Amino acid sequence: MKKKLLSAVLSAAMLATMLTGCGGDDSSQTQAPAADTKTENNAETKADDTKTDEAQADDTQADASAASGSGKVYYLNFKPEQAGDWEELAAKYTAETGVEVVVQTAASGTYESTLKSEMAKSEAPTLFQVNGPVGLATWKDYCYDLSGSEVYGQLKSDDFALKDGDEVKGIAYVVETYGIIYNADILNDYFTKDYAVVKSVEEINSFDNLKAVADSIQENADDLGVKGAFTSAGMDSSSDWRFKTHLANLPIYYEYQADGIGSTDAIKGTYLENYKNIWDLYITDSVCAPSLLSSKTGEDATADFALGDAVFYQNGTWAYTDLSGNGMADESLGMLPIYIGVEGEENQGLCTGSENYWCVNKNASEEDIQATLDFMNWCVTSHDGCDSLSYTMGFVCPFEAFDDYPAANPLVNIANDYVSSGKKSVAWTFTTMPSEEWKNGVGSALLEYAQGTGEWSAVETAFVDGWASEFAASNN
């Protein structure tokens, strides 16, 4: 049954991929440095039938070097929360094979700029990430064709392959889900109170009900032993992506649904009033005053939730490691969809998709490319690799071997339950956002509004006008 549910989540993610049609968070349309054509030119030279004996000898030596495993791997990791896990896994691989694997992790919100900087160096990453087709448009000239690789052969479906024509430029290695995580212990205690507006979590199936419960918790915070209904909505770079990207996904998704599209060069902002309503709820029924949000971090929000100061926490399946590491038991965790007051949302599920596609730098040496391909394949076929990705990192991975590694992450199992009960997963349409600059503009306007130094109209301007201008600038 677990395998069937996992397959259902993966199927939902495939649908999300097909619906979005583009790619997004922090891997948007920043211009890549000019591609190094050295590798391609070398390949053409080697293909020349008129090579000299000396050149042929060089080729033989290079092939022997590659076969001996003399290459190395440099992985630029996108996910700060798994930095230590990747370093530990890399060390295991090096101990087992003798191949050097270096893992560098970009700071939260800086992946695109870090990637651009690292790619300009002589020792560039051999393994990096893009977020989908939009990110691929920037970096495709750097991407090795993975179509003949072993790791590509491990994929359960081509829907998790990022293609450019017939070439496979990227492979999704993790499928993730986010929503509103809740503290089941506190919420169950709330249901027993005379002032409770609902008596079960199943009744929280709309924005109106979510707001009624949050308002009630906020009013009775002292009795419940909490500081607020929601964790702090921090707007520094370690936290603001939850709102300028993940929360902003909802009005974009519902506009696309209404208009029957998968992307656009000019968002209309049809559901921006709904966006305002959920944002207002986050910043008013909260553990802290809105004026403090500029200094609040992702770690603050995790602490708010793990310490029992808040009942609700917008985040995803990837947060499990931090929450369990802070002492939260599996049975204390639940997850609700992010309701924003749209008709029919009682049938809405969680937000499911991927923005994590592995790409191999085709400008690396042949030895380093092979070493990188071998490392990738080991990660998704070996016991150590599968165990780490499934249980240590808490990922759902779309590769064949992972059928034998059912998710230990309870948030993943909750996501499976939503799918199996017939709820409609929300696609990751934030991958169609036109640029990182657009997100920053929306984030700044959200913060100004929250602090009382700006109007909501500025958020609407950043959302709608900013989308049109950034899309035009990125597609010149």
Side-chain angles (χ1 to χ4, degrees), residues 6 25-27 72-97 99-111 114-115 118 125-131 151 154 171-178 181 238-239 241 297-299 301-303 305-306 315-330 333 354-360 371-372 374-399 401-402 404-413 415:
L6 177 58
D25 192 19
D26 196 39
S27 297
K72 58 185 181 298
V73 181
Y74 170 15
Y75 178 29
L76 184 61
N77 171 41
F78 172 77
K79 301 172 78 60
E81 62 270 27
Q82 269 82 39
D85 298 332
W86 274 113
E87 290 166 6
E88 182 178 344
L89 187 59
K92 286 183 178 180
Y93 184 74
T94 298
E96 180 178 318
T97 66
V99 176
E100 179 185 0
V101 179
V102 175
V103 177
Q104 179 175 328
T105 302
S108 181
T110 69
Y111 190 83
T114 302
L115 178 58
E118 291 300 301
T126 64
L127 179 61
F128 63 100
Q129 294 179 219
V130 299
N131 66 343
V151 67
Q154 296 297 326
I171 292 174
Y173 71 90
V174 57
V175 178
E176 297 176 303
T177 297
Y178 68 91
I181 304 172
S238 69
S239 178
W241 51 269
T297 68
E299 289 185 355
T302 300
F305 190 72
N315 217 324
T317 50
W318 55 86
Y320 172 66
T321 302
D322 286 339
L323 296 177
S324 61
N326 278 277
M328 292 200 74
D330 289 2
L333 298 173
S354 182
E355 59 167 346
N356 296 279
Y357 291 84
W358 273 336
C359 302
V360 174
T372 302
D374 291 343
F375 174 66
M376 294 164 68
N377 193 58
W378 179 86
C379 284
V380 303
T381 58
S382 71
H383 170 73
D384 283 343
C386 294
D387 184 75
S388 179
L389 267 65
S390 285
Y391 301 138
T392 304
M393 302 187 202
F395 292 161
V396 174
C397 299
F399 302 97
F402 286 82
D404 295 327
Y405 294 82
N409 182 338
L411 298 177
V412 169
N413 294 325

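Only this structure's heavy atoms are used, side chains among them; waters, hydrogens and symmetry mates stay out. Since the model is a prediction, treat every value here as computed from it, not as a measurement.
Counting only heavy atoms from C-beta outward, the side chains of W358 and T372 never approach each other to under 4.5 Å. When side chains are defined from C-beta on, I181 counts as touching L333, because their heavy atoms get closer than 4.5 Å. In this structure, L323 and T302 have side chains that are in contact, with non-hydrogen atoms separated by less than 4.5 Å. Counting heavy atoms from C-beta on, the side chains of L89 and L389 come closer than 4.5 Å. T381 places none of its side-chain heavy atoms less than 4.5 Å from the side chain of F399. Put simply, the side chain of D85 does not reach to within 4.5 Å of the side chain of K79, judged on heavy atoms. Between Q154 and N377 there is a side-chain heavy-atom pair separated by less than 4.5 Å. Taking the side chain as every heavy atom from C-beta outward, M393 and V174 never approach each other to under 4.5 Å.
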Is there a side-chain contact (heavy atoms from CB on, under 4.5 Å) between V380 and V151? Walk through the geometry before answering.
CA-CA 7 Å; V380 303; V151 67; 3.9 Å; yes

Apply the test side-chain contact (heavy atoms from CB on, under 4.5 Å) to residues V396 and T317: give CA-CA distance (whole Å), side-chain angles for both, the deciding distance (0.1 Å), then the verdict.
CA-CA 9 Å; V396 174; T317 50; over 6 Å; no

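Considering every non-hydrogen atom in both F78 and N356, the closest pair reads CD2-OD1, 3.3 Å. Across S108 and P80, no two heavy atoms sit closer than the pair N-CG, 3.8 Å. Residues A306 and M328 approach most closely at CA-SD, 3.7 Å, considering heavy atoms. Contact detail for Y391 and D404: the closest heavy-atom pair is OH-O, 4.5 Å. Summarising the geometry of V412 relative to G394, their closest heavy-atom pair is CG2-O, 4.1 Å, with the distance given to 0.1 Å.
Atom CZ of F395 sits about 13.0 Å away from atom SG of C386, to the nearest 0.5 Å. The distance from atom CH2 of W86 to atom CD of Q104, rounded to the nearest 0.5 Å, is 15.5 Å. If you take CG on L76 and SG on C359, they are separated by 11.5 Å, rounding to the nearest 0.5 Å. Distance OH/Y173 to CE/M376: 10.5 Å, rounded to 0.5 Å.
When each of L115, T114, N77 is paired with F128, the side chain to side chain contact (heavy atoms under 4.5 Å, CB included) condition holds for L115 and for no other.
Taking a 6.0 Å sphere around CD of E96, one finds it holds more than 12 heavy atoms contributed by other residues, nucleotides or ligands.
Between the side chain of S390 and the backbone N or O of D387 there is no donor-acceptor pair closer than 3.5 Å. With hydrogens and angles disregarded, a donor-acceptor distance shorter than 3.5 Å links the side chain of T94 to the backbone of A90.
The aromatic rings of W378 and F375 sit parallel, their planes meeting at an angle under 30°, below the 60° perpendicular limit.
Remark: S239 engages R242 in a side-chain hydrogen bond (donor to acceptor under 3.5 Å, both in side chains) (not counting sequence neighbours). The side-chain hydrogen bond (donor to acceptor under 3.5 Å, both in side chains) check on D330 picks up Y320, with sequence neighbours excluded.
Checked by atom type, the side-chain pair Q129/Y75 shows a donor-acceptor distance below 3.5 Å.
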